[in-house]
A.B. asks: 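Below are the structure tokens for one structure; questions will follow.
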Protein chains: 2
Amino acid sequence: MEFLTGVKEKEVVGIQEILDQDYVGKTVCMNGAVHNVRDMGEVAFVILRKAEGLVQCVFEEGKTEFNLKELKEESAVEVTGVVALEERAPHGFEIRLQTIRVLSEPAEGMPIAINKWKMNTSLETKLGLRPISLRNVRERAKFKVQEGIVRGFREFLSSQGFTEVHTPKIVSRGAEGGANVFKLNYFNKKAELGQSPQFYKQMMVGVFDRVFEVAPVFRAEKHNTTRHLNEYIGLDFEMGYIDSFEDVMAMETGFLKYTMELLNREYKKELDMLGIQLENIEKIPQVRFDKAKELVAEKYNRKIRNPFDLEPEEEVLIGRYFKEEYNSDFVFVTHYPSKKRPFYAMDDPADPRFTLSFDLLYKGLEITTGGQRIHDYNMILEKMAKRGMDPEDIKDYLMIFKYGMPPHGGLGIGLERLTMRLLDEQNVRETSLFPRDVTRLEP
Amino acid sequence: MEFLTGVKEKEVVGIQEILDQDYVGKTVCMNGAVHNVRDMGEVAFVILRKAEGLVQCVFEEGKTEFNLKELKEESAVEVTGVVALEERAPHGFEIRLQTIRVLSEPAEGMPIAINKWKMNTSLETKLGLRPISLRNVRERAKFKVQEGIVRGFREFLSSQGFTEVHTPKIVSRGAEGGANVFKLNYFNKKAELGQSPQFYKQMMVGVFDRVFEVAPVFRAEKHNTTRHLNEYIGLDFEMGYIDSFEDVMAMETGFLKYTMELLNREYKKELDMLGIQLENIEKIPQVRFDKAKELVAEKYNRKIRNPFDLEPEEEVLIGRYFKEEYNSDFVFVTHYPSKKRPFYAMDDPADPRFTLSFDLLYKGLEITTGGQRIHDYNMILEKMAKRGMDPEDIKDYLMIFKYGMPPHGGLGIGLERLTMRLLDEQNVRETSLFPRDVTRLEP
């Protein structure tokens, strides 16, 4: 009988191994994709692309056993050669090639120059060719940073006693209501795709006190803008036993501080590649919704048209105001009008026209919505009645209040928007691997 | 201007803080849900439920400033009291109550005894009341262990150079084909919910060499069995530059070893609560599909009815065989017949009726399907032609082969099934927070 005992030791080395150990002058075996071949006559540079980065290999006529003419870009290869120090090469070393073994070859040459530092193509073209355009090292670096953001979210919240949960994405029709839902037929029942894990994460607060989830959310919004996606990753958390909704903002501030430090520490290579300098966060200002409107109206000479909503342009101006006045890229805008928030939002006892809720703006874009939720059964029934909602439609959700819930609140962060702002991208599609928008269902 | 600077220091303590520091004799403040009140006359035990576990609080008439009659189970409270050592209490300490402050109260008493050690109710009842039945400490312990499994998956793969990705769940109609898909209307285009991230994770191998994803997958299968869910969490990975599909099995073995150790180290409390003794894994046997059929036919006196498929009963017997003969709960069954595997599976060059693929059985249940994939453009076109498939339908996927892909393979693990087997549960619904099956769309 044969047995598997765990990951096999391989002869091939990675970039980090060469950097960590004394490989100079030694023969190594390495695999990767042929990113680029620069033929200079007697010698040629064969650039290998690996997950970790690029490796310069030197092909020498007569010394490398291979016919260079036969080497195609985007072939998968395994090379052997001697490691040599070379300041001008990526990571400060190169491999002087002895052999090249082709593991796999493309059928055709690349339709776009993914091996250029910047791909000189439109977003449209990049997205159409996404399965291969992502191979460009700067394109993929964005998603490595995105991995870091998600890691920061999980690591920080875990350290704060949160439990990770997985809640269903197919939900019964009418769960949260609203027109912006994708509907589907679920074994002859009316179902829809979850617009947010809101109800489920609240249920889980009764179970684990503090929970978080990283999962897709679906919005059938017809907006086709630079900041809307119809499917995106929600970074959601919900926490019990809060004293006020400020606890939720404080937790998010903690997450952002932790994550900026993590990115600067462990994703520096990618940030540098993208030309991004991330400043650590010390503090984030908070301002009331109505106050924020006044501040920008005054400073930027602007009329307040609708006192109960923020226009995207106003968001931009609020972002600008807090950058100019407090040198902060972030600002918490609090106390949104009740009529603009869902029924489960806790109204401010001091003035029930407003809620104990907030948005976080990052460089003038809303990246988070959160707040304190109603935890009292009668209070939520009353608010539903005022809005003409039928408790029967969401009785499973209401169960948690009927049988007791602690004071709680939480938030949802749009991962792609946060990544977009962090990387100073102008279109949220740049920071979604395979974006879904009103016109785009493929690739 | 007010600012948020990060998580606020709170006066309340957690269980671990009391265990880690010298709190005996000191007055502390703690919050939690009133899990249970046992009134013994002069004194009463008030059991607090926190995410970390239960805490015994002692109410003494005349000493505790509160009217015990008014304390409802499932209220959220904040108590103050003096910490005292008490061997018979959970964690070895109790809190002698001075005050109880009610933060929130239920409107009604619990319809089921969630504060009993084992809830004496049917699965049907438990699932119907899931938002509150999960508050039972043994019920929730299952999902804490599930969190540990996911953590093990991420931590282990990250240590092996994998990048975490997030791929879309709304996909274009016909992506993988088959009848078992949920269909939806996506802005007047035909779309469906992803049955697996297969195509996308393969695309991402061309980008990051090794990738993983933890995300929901959707199967519109009409099976209503103890092991089927229509929405579940897929633990998927895909890795490039493999020498053979054994590399994939070796990686999974590594993940399982790592995770068993992690669970025994950091989730021992929950495993003990559930009466589960997890043995660390040393090695996992592998057996060919056809050989496995012969072995059980011989040992258990069973006729081989269909040489090209495994019946569930045969899976159970293969599990039993390897438990009896090799004392292994796990067995890799390899070389599944080509006609039973998807078109992208790599056929065995030695005998193309079979594939370089495997299932992993855990106590007789398939919990993983994986294998090597075709990486050559012409090979995949040929196989599609044989199956009457039109390349135009999946041209975005085929793009990666046309422009070059390394040899690669991967797998998908069903999280709920793995959790179910690990915890010796008999129904996969026990290990899904809010299961979705043919008849169940709520809660």
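In what follows, every chain begins at residue 1, and chains take the letters A, B, ... in the order their sequences are listed.
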A.B. asks: Under a 4.5 Å cutoff for heavy-atom pairs, which residue among B:Ala33, B:Pro131, B:Ala76 has the most contacts with chain A?
C.D. replies: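 If we count pairs closer than 4.5 Å to chain A, B:Pro131 comes out on top.
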A.B. asks: Where on B:Pro168 is there a heavy atom nearer than 4.5 Å to chain A: the side chain, the backbone, both, or neither?
C.D. replies: both
A.B. asks: Which bit of B:Met204 comes within less than 4.5 Å of chain A, counting heavy atoms only: side chain, backbone, both or neither?
C.D. replies: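 For B:Met204, the side chain is the part near chain A, not the backbone.
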A.B. asks: Under 4.5 Å from any heavy atom of chain A, what part of B:Tyr326 do you find: side chain, backbone, both or neither?
C.D. replies: side chain
A.B. asks: At a heavy-atom separation under 4.5 Å, does A:Phe332 approach chain B through its side chain, its backbone, both, or neither?
C.D. replies: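 For A:Phe332, side-chain heavy atoms alone lie under 4.5 Å from chain B.
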A.B. asks: Should the heavy atoms of other residues, nucleotides or ligands under 6.0 Å from CE of B:Met379 be counted, would the total exceed 12?
C.D. replies: no
A.B. asks: For the candidates B:Ile114, B:Asp376, B:Asp243, B:Val137, which exhibits the highest count of non-hydrogen atom pairs separated by less than 4.5 Å from chain A?
C.D. replies: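 Most pairs with chain A among the choices: B:Asp243.
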A.B. asks: Scan side-chain atoms only and decide if B:Ser172 and B:Lys190 contain a donor-acceptor pair under the 3.5 Å cut-off.
C.D. replies: no
A.B. asks: Cation-pi between B:Lys169 and B:Phe218: NZ/CZ under 6.0 Å from ring centre and within 45° of the ring axis?
C.D. replies: no
A.B. asks: Between B:Ser328 and B:Phe330 (side chain of the first, backbone of the second, donor and acceptor by atom type, cut-off under 3.5 Å), is there such a pair?
C.D. replies: yes
A.B. asks: Given that the side chain runs from C-beta out, which part of A:Phe322 has a heavy atom under 4.5 Å from chain B: side chain, backbone, both or neither?
C.D. replies: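 The answer is the side chain of A:Phe322.
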A.B. asks: Work out which heavy atom in B:Arg140 is nearest to a heavy atom in B:Arg135; give both atom names and the distance.
C.D. replies: CD-O, 4.5 Å
A.B. asks: Taking side chain as everything from C-beta outward and backbone as N, CA, C, O, which of these in B:Thr163 sits under 4.5 Å from a heavy atom of chain A? Side chain, backbone, both or neither.
C.D. replies: both
A.B. asks: Relative to chain A, which of B:Val7, B:Val331, B:Leu184 shows the most heavy atom pairs under 4.5 Å?
C.D. replies: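 Of B:Val7, B:Val331, B:Leu184, B:Val7 has the most heavy-atom pairs under 4.5 Å with chain A.
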A.B. asks: Among the options B:Ser432, B:Gly206, B:Gly161, B:Pro216, pick out the one with the most heavy-atom pairs lying under 4.5 Å from chain A.
C.D. replies: B:Gly206
A.B. asks: Would you say the side-chain atoms of B:Arg210 pair up with the backbone N or O of B:Gln160, donor to acceptor, closer than 3.5 Å?
C.D. replies: yes
A.B. asks: List the atom of A:Leu381, the atom of A:Leu398, and the distance in Å for their closest heavy-atom pair.
C.D. replies: CD2-CD1, 4.1 Å
A.B. asks: With only heavy atoms counted, which part of A:Val150 is less than 4.5 Å from chain B, the side chain, the backbone, both or neither?
C.D. replies: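 Side chain only.
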A.B. asks: Is it the side chain or the backbone of B:Val34 that comes within 4.5 Å of chain A heavy atoms, both, or neither?
C.D. replies: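 It is neither, since no heavy atom gets under 4.5 Å.
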A.B. asks: Hey, which of A:Ile284, A:Asp209, A:Asn188 has the most heavy atom pairs under 4.5 Å with chain B?
C.D. replies: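 Between A:Ile284, A:Asp209, A:Asn188, the count favours A:Ile284.
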A.B. asks: Measure distances from B:Tyr232 to the heavy atoms of chain A and classify the residue's part below 4.5 Å as side chain, backbone, both or neither.
C.D. replies: neither
A.B. asks: Does A:Phe182 form a ring pair (Phe, Tyr, Trp, His ring centres under 6.0 Å) with B:Phe187? I'd like the steps, not just the answer.
C.D. replies: CA-CA 9 Å; A:Phe182 290 110; B:Phe187 302 115; 5.7 Å; yes
A.B. asks: Going through the checks in order, is the salt bridge (charged side-chain N to carboxylate O under 4.0 Å, His left out) test met by A:Glu164 and B:Arg151?
C.D. replies: CA-CA 9 Å; A:Glu164 182 172 18; B:Arg151 218 184 109 189; over 6 Å; no
A.B. asks: For B:Arg130, which atoms come within 4.5 Å of any heavy atom of chain A: side chain, backbone, both, or neither?
C.D. replies: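 Contact with chain A is absent: no heavy atom of B:Arg130 under 4.5 Å.
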A.B. asks: Are more than 12 heavy atoms, taken from residues, nucleotides or ligands other than A:Lys189, located less than 6.0 Å from that residue's NZ atom?
C.D. replies: yes
A.B. asks: Counting only heavy atoms closer than 4.5 Å, note whether B:Lys50 contacts chain A via side chain, backbone, both or neither.
C.D. replies: both
A.B. asks: Please identify, among B:Val165, B:Asn378, B:Leu129, B:Asn185, the residue contributing the most non-hydrogen atom pairs under 4.5 Å to chain A.
C.D. replies: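 Option with the greatest count: B:Leu129.
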A.B. asks: Counting only N and O atoms by type, is there a donor-acceptor contact under 3.5 Å from the side chain of B:Glu105 to the main-chain atoms of B:Lys72?
C.D. replies: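 Not a single qualifying donor-acceptor pair exists.
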A.B. asks: For chain B, which of A:Ala107, A:Ala220, A:Gly128 has the most heavy-atom pairs under 4.5 Å?
C.D. replies: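 Answer, by heavy-atom pair count under 4.5 Å with chain B: A:Ala107.
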A.B. asks: Side chain, backbone, both or neither: which part of A:Ile400 has a heavy atom under 4.5 Å from chain B?
C.D. replies: both
A.B. asks: Looking at B:Lys395, B:Glu139, B:Arg154, which one has more heavy-atom pairs under 4.5 Å with chain A than the rest?
C.D. replies: B:Arg154
A.B. asks: With a 4.5 angstrom heavy-atom cut-off, which part of B:Phe156 approaches chain A: side chain, backbone, both or neither?
C.D. replies: side chain
A.B. asks: Please look at B:Tyr377 and chain A and tell me whether the side chain, the backbone, both or neither of the residue comes under 4.5 angstrom of a heavy atom of that chain.
C.D. replies: side chain
A.B. asks: Could you tell me which non-hydrogen atom of A:Ser133 sits nearest to which non-hydrogen atom of A:Ile112, and how far apart they are?
C.D. replies: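 For A:Ser133 versus A:Ile112, the nearest heavy atoms are CB-CD1, 3.6 Å.
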A.B. asks: A:Gly254, A:Ala191, A:Ala51: which one forms the most heavy-atom pairs within less than 4.5 Å of chain B?
C.D. replies: A:Ala51
A.B. asks: Please classify the contact between B:Lys291 and chain A as side chain, backbone, both or neither, with a heavy-atom cut-off of under 4.5 Å.
C.D. replies: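 Neither; nothing under 4.5 Å.
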A.B. asks: Below 4.5 Å from any heavy atom of chain B, which atoms of A:Lys8 appear? Answer side chain, backbone, both or neither.
C.D. replies: both
A.B. asks: Considering only heavy atoms and a distance below 4.5 Å, find which of A:Leu193, A:Asn136, A:Val438, A:Val287 pairs most often with chain B.
C.D. replies: A:Val438
A.B. asks: Could you tell me which portion of B:Tyr397 (side chain, backbone, both or neither) has an atom closer than 4.5 angstrom to a non-hydrogen atom of chain A?
C.D. replies: neither
A.B. asks: Pick from A:Ile281, A:Asp247, A:Val214, A:Val207: which one has the most heavy-atom pairs with chain B under 4.5 Å?
C.D. replies: A:Val207
A.B. asks: Using a cut-off of under 4.5 Å on heavy-atom pairs, state which of A:Ile233, A:Ile170, A:Asn230, A:Thr439 scores highest against chain B.
C.D. replies: A:Ile170
A.B. asks: So what's closer than 4.5 Å to chain A heavy atoms on B:Glu282: side chain, backbone, both or neither?
C.D. replies: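 Backbone only.
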A.B. asks: Are more than 12 heavy atoms, taken from residues, nucleotides or ligands other than A:Lys10, located less than 6.0 Å from that residue's NZ atom?
C.D. replies: yes
A.B. asks: Any side-chain donor paired with an acceptor under 3.5 Å for B:Glu213 and B:Thr167?
C.D. replies: yes
A.B. asks: With only heavy atoms counted, which part of B:Pro435 is less than 4.5 Å from chain A, the side chain, the backbone, both or neither?
C.D. replies: neither
A.B. asks: Does NZ in A:Lys283 sit with more than 12 non-hydrogen atoms of other residues, nucleotides or ligands closer than 6.0 Å?
C.D. replies: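 Atom NZ in A:Lys283 is not packed in, count stays at 12 or less.
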A.B. asks: May I ask you to decide if A:Val77's main-chain N or O and A:Ser75's side chain share a donor-acceptor pair within less than 3.5 Å?
C.D. replies: no
A.B. asks: Ignoring hydrogens and angles, tell me if any N or O in the side chain of A:Glu52 forms a donor-acceptor pair with the backbone of A:Ile15 under 3.5 Å.
C.D. replies: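 At least one qualifying donor-acceptor pair exists.
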A.B. asks: Taking B:Pro285's backbone N and O only, do any of them form a donor-acceptor pair with A:Glu2's side chain (distance below 3.5 Å, no angle check)?
C.D. replies: no
A.B. asks: What part of A:Arg440 gets within 4.5 angstrom of chain B, counting heavy atoms only: side chain, backbone, both, or neither?
C.D. replies: backbone
